[in-house]
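The next block holds one structure in the form of structure tokens; read it before the comments.
Owing to the predicted nature of the structure, the values given are computational and were not obtained by experimental measurement. We count ligands from 1, going down the list as the structure has it; atoms in each ligand are counted the same way.
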Amino acid sequence: MSCLSVISRNFSTSSVARAAIKNVTVVGGGLMGSGIAQVSAQSGHNVTIVELNQEVLDKTHKSIQQSLQRVAKKVYKEKPQEGENFVSETLSRISTSTNLTDVVQSSDLVLEAIVENLAIKHKLFKSIDDIAPAKTIFASNTSSLSIGEIASVCKRKDKFAGLHFFNPVPVMKLLEVVKTPETSDETYEKLMAWAKAIGKTAITCKDTPGFVVNRLLVPLMAEAIRMLERGDASPKDIDIAMKLGAGHPMGPIELADYVGHDTTNSILNGWHDKFPENPLFNPLSSLQKLVDEKKLGVKTGEGFYSYKK
Ligand SMILES: CCCCCCCCCCCCC[C@H](O)CC(=O)SCCNC(=O)CCNC(=O)[C@H](O)C(C)(C)COP(=O)(O)OP(=O)(O)OC[C@H]1O[C@@H](n2cnc3c(N)ncnc32)[C@H](O)[C@@H]1OP(=O)(O)O
Ligand SMILES: NC(=O)c1ccc[n+]([C@@H]2O[C@H](COP(=O)([O-])OP(=O)(O)OC[C@H]3O[C@@H](n4cnc5c(N)ncnc54)[C@H](O)[C@@H]3O)[C@@H](O)[C@H]2O)c1
């Protein structure tokens, strides 16, 4: 069931009633957190987005509103007033906070989509493990870190899993639900029911590096950049080749810009540290240069390509 068909099922609370997860806290309102909050609220859940400061929360709200308007234009093309109602009612289910400890008390699920850094993710989960209700499930949207390692600082290892969404969340139907050996069956079933309730197609995999998609995607994207660094082909031709030759909706280089190079660089460096003997994960000088110059891709207006209007 697509995200949109969940919406067109008059986003009643029926799907929420069936799933045990009703109140969702999303920590991090950036590229991914904003999308995760949006699709949760779209399908009738109460969502609180937690960020570092109000300025970022204002940006998050704006980006969710713009994305909802794109969805409304499509789903309610013939009924613009219903589209406006959809946007305002979805936004009414989203609240924001800069204080995570305040909001966890009412959370059935706390899902983090903060910076791809194990120490910072540890600090976050440690800060709420003793104060969140015993029933609250913790999850991470990490691209590349081990769920078991993230969960290692928590007592509730039975209520900890990976929920790996794909960018842009309102469009990409896949959700990777990642179990550790300690994730309980009850937690897993609740997360699978929630995944369905928010209109995602969930697959399940073990807690191995990159889960399924990124284990295949990271080498592909890294090799595309090495091709570029060797001068084998231009960025544009590499992207056209993979779109027309492999049917990808985006080429690997434009996709890297879309993901964001703070994230891509963290992923690659993390895997190089973990697997130093694997040349696939050797650092990329051109990527490090972009990060040093704060050219993080679409999010800053320039990466391998320029996005300045
Ligand atoms: C330097 C690199 C090397 C380093 C090596 C290692 C790096 C690590 C690499 C791994 C990174 C992993 C990241 C993560 O963990 C996993 C991922 O998320 S991978 C990314 C997965 N996503 C994709 O592959 C996206 C592919 N692209 C697309 O699907 C499309 O291009 C697009 C993004 C949907 C845009 O579609 P277009 O047709 O081009 O453009 P439109 O703007 O018209 O959009 C089409 C359609 O979708 C609707 N839409 C688009 N965006 C949104 C949105 N944000 N919200 C709501 N709706 C949206 C839009 O309305 C259009 O609908 P239509 O009107 O056409 O019906
Ligand atoms: N970008 C992608 O395509 C993509 C796809 C899937 C998964 N992911 C993963 O999702 C996570 C977030 O990635 P992103 O691209 O959304 O990053 P982003 O930089 O767009 O957003 C991260 C947000 O987290 C906030 N933040 C950082 N520390 C925080 C804290 N302690 N408390 C509250 N907020 C905090 C930042 O202010 C920022 O707004 C990463 O783990 C990444 O690997 C990214």
Describe, in one word, how the ring planes of Trp194 and Phe165 are oriented to each other, choosing from parallel (under 30°), tilted (30 to 60°) and perpendicular (over 60°).
->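 Trp194 and Phe165: perpendicular rings.
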
Considering only heavy atoms of [X], which atoms of ligand 1 have at least one such atom less than 4.0 Å away?
X      : value
Thr264 : 7 (C)
His164 : 14 (C), 15 (O), 16 (C)
Ala256 : 1 (C), 2 (C)
Pro170 : 55 (N), 56 (C)

Is any NZ, NE, NH1 or NH2 atom of the basic residue among [X] and [Y] found under 4.0 Å from an Asp or Glu carboxylate oxygen of the other?
X      : Y      : answer
Arg226 : Glu229 : no
Lys236 : Glu254 : no
Glu186 : Lys190 : yes

Is it the case that [X] and [Y] place a side-chain donor and acceptor less than 3.5 Å from each other?
X      : Y      : answer
Ser95  : Thr48  : yes
Thr180 : Thr183 : yes
Ser43  : His45  : yes
Tyr307 : Asp257 : yes
Gln38  : Ser67  : yes
Ser63  : Thr60  : no
Glu116 : Ser144 : yes
Thr101 : Asn99  : yes
Gln288 : Asn265 : yes

Is_contact([atom]), protein non-hydrogen, under 4.0 Å:
atom                    : answer
atom 3 (C) of ligand 1  : yes
atom 18 (O) of ligand 1 : yes
atom 33 (C) of ligand 1 : yes
atom 21 (C) of ligand 1 : yes
atom 37 (P) of ligand 1 : no
atom 65 (O) of ligand 1 : no

So is Lys73 close enough to ligand 1, meaning a heavy atom under 4.0 angstrom away?
->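 So Lys73 does not count as touching ligand 1.
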
So, does Trp271 sit close enough to ligand 1 that a heavy atom of it is under 4.0 Å from the ligand?
-> no

What are the atoms of ligand 2, with element, lying closer than 4.0 Å to any heavy atom of [X]?
X      : value
Asn167 : 1 (N), 2 (C), 3 (O)
Thr142 : 41 (O)
Glu116 : 40 (C), 41 (O), 42 (C), 43 (O)
His164 : 6 (C), 7 (C)
Val27  : 32 (N), 33 (C)
Leu31  : 1 (N), 15 (O), 16 (O), 20 (O)

Is the closest heavy-atom distance from [X] to ligand 2 below 4.0 Å?
X      : result
Lys123 : no
Ala113 : yes
Lys299 : yes

Below a 4.0 angstrom heavy-atom separation, can you tell me which part of [X], side chain or backbone, both or neither, approaches ligand 1?
X      : value
Leu217 : side chain
Lys74  : side chain
Val213 : neither
Asn265 : neither

Is Ser143 close to ligand 1, meaning an N/O of one under 3.5 Å from an N/O of the other?
-> yes

What do you reckon, does Tyr258 have a nitrogen or oxygen under 3.5 Å from a nitrogen or oxygen of ligand 1?
->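 No, no N or O pair falls under 3.5 Å.
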
Which of the listed options, Glu112, Glu51, Glu55, holds the heavy atom that is closest to atom 34 (N) of ligand 2?
->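 Result: the heavy atom closest to atom 34 (N) of ligand 2 is in Glu51.
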
Considering Ser34, Ser143, Ser144, Gly35, which one's heavy-atom position lies nearest to atom 42 (C) of ligand 2?
->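 Going through Ser34, Ser143, Ser144, Gly35 one by one, Ser143 has the nearest heavy atom to atom 42 (C) of ligand 2.
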
Beyond-backbone contact of Ile49 with Ser34, side-chain heavy atoms, under 4.5 angstrom =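 Heavy-atom side-chain distance check fails, nothing below 4.5 Å.
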
Checking [X] side chain against [Y] main chain: does a donor-acceptor pair fall under 3.5 Å?
X      : Y      : value
Asp158 : Glu182 : no
Ser306 : Glu302 : no
Tyr258 : Met250 : no

So for Tyr258 against ligand 2, with non-hydrogen atoms under 4.0 Å, the contacting part is neither

